[in-house]
Amino acid sequence: MLPIARSLRNAECTTPAAVPHRAGKRWWLVLLIAVALNAYATGPWRVVILVGTDPTLPAAMLQIVAIRGALEAAAPVGAELYVDPLDGVRFGGEALMPEFLALIKKKYSQEQTDLVIGLGDYAANFAARYHTQIWPGTPVLISSFTEEWLRTHPVPAEFSSIPLPIDVDGTLAIAETLQPGARRLIVVGGATDDDHRAVQHAVDVARRRTSRVWSVETWQGLPLPELRQRLASLDRNAAVAYTTMYRDREGRAYFPYEVVGPMAEVSRAPIYGWYSSYIAHGLTAGSTVTFESNGQRTGALATSILRGEVAPAGASLPAAAPRCTANVGQIEKLGMSISALPGDCLLVNVPHSIWREYRGVVLTALSVVIMQAFTIAALLVQRRRRRVAEDEATRRRSELARAARFASVGELSASIAHEVGQPLGAILSNTDAAELLLKSQWAEASELHEIFADVRRDALRANEVVQRLRALLQKQAVAFGPVRLDAALKDMLVLVAPEARRRGVIVESDFAAGSTEILGDKVQLEQVLLNLTINAMDAMHDVAPSRRVLSISTRLVTDGIELAVADRGHGISADAATQLFEAFYTTKPHGMGLGLSIVRSIVDAHDGRLAAAPREGGGSIFTVWLPARHATIDKRNLAAAGDTTAETAPDAVCHAAEGRDP
Ligand code: ADP
C-alpha cells in the first residue's frame, strides 16, 4: 500500500476536532514529521507507466517525458519509472495475454508499486481489466483515453483519470473558415478497430455540424500508394480529415503520424486533424491539445496522489482547452490565406520572409523612405518655387537695369548726338568738296580717293557709336556667356569718351586682363562701367579741370579679374559710405539713387564682389572683382598674362577731352 495513504489513514483515526486546540497543533507537527520520515524511510516513488502503443511514438514519448519531469521534480527522494509497452494495437494482445500477464505479475511482485499510469485507450483498458491481479490496492491513473473509449468503457470507480480532448468539432470549424466553398469531407483512417472508432467519431461529428452540410465520405484502410493517388486527384473544394492509421487493409502497420507526411506531400486538398503531433508532419490545421500539456497534467495529478493530497478514487483534472493550430507553409502551398483564421491561432512552419521576420524594421524603413520622399518632394517644390522667384527677380532686375541704361544714355545724349553729328557733318563737307572737284576740270583721282577715304572713316565712326548705342539699349534677355571683359569695357568707352570730352575729363585706361574671359552678360557688364564712370564724372563736376582725371583699369588677380574705376572727385563721406549701394540713395539733385544698387545686383549675379573706398590724394575708387571663367588662374597664367600685358602696354591710352575731334 502507498505509504502516504497509509499515514493519512492513521491520521484519520485521530481527527483534530477530537483534541484540544494546542494539542491539535502538536498533532499536525507530529504528522508532518511522520510523513517526511515515512517518505524517506520508504524510498523513491515507484511508478509504472503502461503505454498502449510503441513508447517511441512521439505522442507517447512526449507524455512520458512530461510525467517523468513532474514526478522527479516533486518526489522527496526521487522517482523510479517503469515504462511497459503493451503495444496492443499492433500485436493484438489477446492471444499473448496469459503469458504476458504471468510475466508482468512476476515482474512487479518483487517490489511494491506506488502508482500505475495507463496511457491511451488500450492501456486504460488493460489497467481496468487486470490491475487487481497485478497491482492489488495500488492507485491507477488512466490518461489520454478518448471520449469514444470512455463511452463504451466506464472508468472504474477507484481510478483517477485525465481524458485527451479530441476536438473534431473545432477542427471542422477551422476547415470551414479556411475553405468557405468546400462541401466534400473525406475522413481518412486505418483498418484497426481503434482506427474504425476514430473514423466513425469524426463522421458523426461532421454530420452533426449545423454551420455546414458536409457530404461525408470515408477512405479506410487504403494502402498508402492508393491513398496518395486519390489525394492527388482532389481539389480545394474537398477537405480531408485524418484520424489514425495503425494498420492498412493489407496489414501494413504504421505509426499514425508517419502517414501524414506522405499524404500532405501529394494532396491537392487540405488535411485537417486534432492531434498536435501531426502538425509538424504536414497537417494543414486543426484544433489540438499538445501531448506535452496532457503529460504535464497527468504528472501533476500523479504527484498529488503520491503526496496524498487527493484521494485516488475518482480524482481528475479538467482537460486542457484545445487550440487552433495552423501550418502556414502548408496553407500557403495550397493557395489559401491565413487571414480568416482566429487571431489567437498558433501559427507553425511559418515560411521565412523579410516582411514576417522584420516587419517592424521594414515598416520603419518604409516610413523613413516615405518621409524622405515627402521631404525630397517638398524640397523640389521649394526649389522650383525659388527658381521661379529667382527668374522673376532676374527679369525685373534686368528690366530695371535697362531702364537705368536708358536714363544713363539720356545723360550721354548730348555728347552722343555730338559724336554722331560730327562725322555726319564731315561726310557732308567731304561730299560737297568731291562734287565741286568733279564739276571742275582739274579733278584728280588721288584727291577724290582721299576724300572718299575720309567719308568712309567718318561713316564708320558714326556707325560704331550708333551700333554701340543700339547694343546697349536693345531689349534682350539676360544671356550669360563667355565675355572678354577688356574688350567689352573698350566698347563701352566708345560711348563714354564723348561725354568725358564734353565735361573736360581725361580718361586713363589700363586694360591688363588680356583675353581672360568671365562668364557673364556683356551688356550688363558694360552697364557696370557706364554707371561707375558717370558717377565718377559727376563727382568731379566741381573740382579744378586739371584734377578731372578718370582712371579705368583691369588686372588679373587670383581666380578672377579686378576692375577699378578711380576719380579725383569729392570723395565718399562717412555717412554716404554706409548707404552707397542702397537703392534710392542719392546726393544729387536729379539723381535716382539706382546706379550703384544696379551695379551691386549685376556684380552679385556674376558671383563677384564690389567695394568703394576713398582714394589716396582725394577722390574715390570703386573696385569690382569678377571670377574668371576657367578655374583658378595659377601663377603661370598670371605670369603669362603679365608678359602679355607688358607686350600690350600701348593699349593703355589717355583720352583727352578734345583728343579726337577732327
Ligand atoms: P545717383 O547717381 O542717381 O545718385 P547712384 O546709386 O549711382 O545714384 O549713386 C548714389 C550716390 O553715391 C550718389 O548720389 C553719390 O552721393 C554717391 N557716389 C556714387 N559714386 C560716387 C563717386 N565716384 N564719388 C563720390 N560719391 C559717389
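Atoms within a ligand are numbered from 1 in the order they appear, just like the ligands themselves.
- Counted within 6.0 Å of CZ on R555, heavy atoms from surrounding residues, nucleotides or ligands total 12 or fewer; the atom is thus considered open.
- When every heavy atom of R268 is checked against every heavy atom of A232, the shortest pair comes out as CG-O, 3.0 Å.
- Taking every heavy atom of both residues into account, D486 and G514 meet most closely at OD2-N, 2.9 Å.
- The side-chain contact (heavy atoms from CB on, under 4.5 Å) search around V350 returns V328, L347, R356, not counting sequence neighbours.
- Within 4.0 Å of ligand 1, the residues that place a heavy atom are N535, A536, A539, D567, H570, G571, I572, L580, Y585, T586, T587, K588, G591, M592, G593, L594, G595, L596, S620, F622, listed by chain and number.
- Note: F480 and H606 have parallel aromatic rings, judged against thresholds of 30 and 60 degrees for the angle between ring planes.
- When every heavy atom of R548 is checked against every heavy atom of G504, the shortest pair comes out as CB-O, 3.7 Å.
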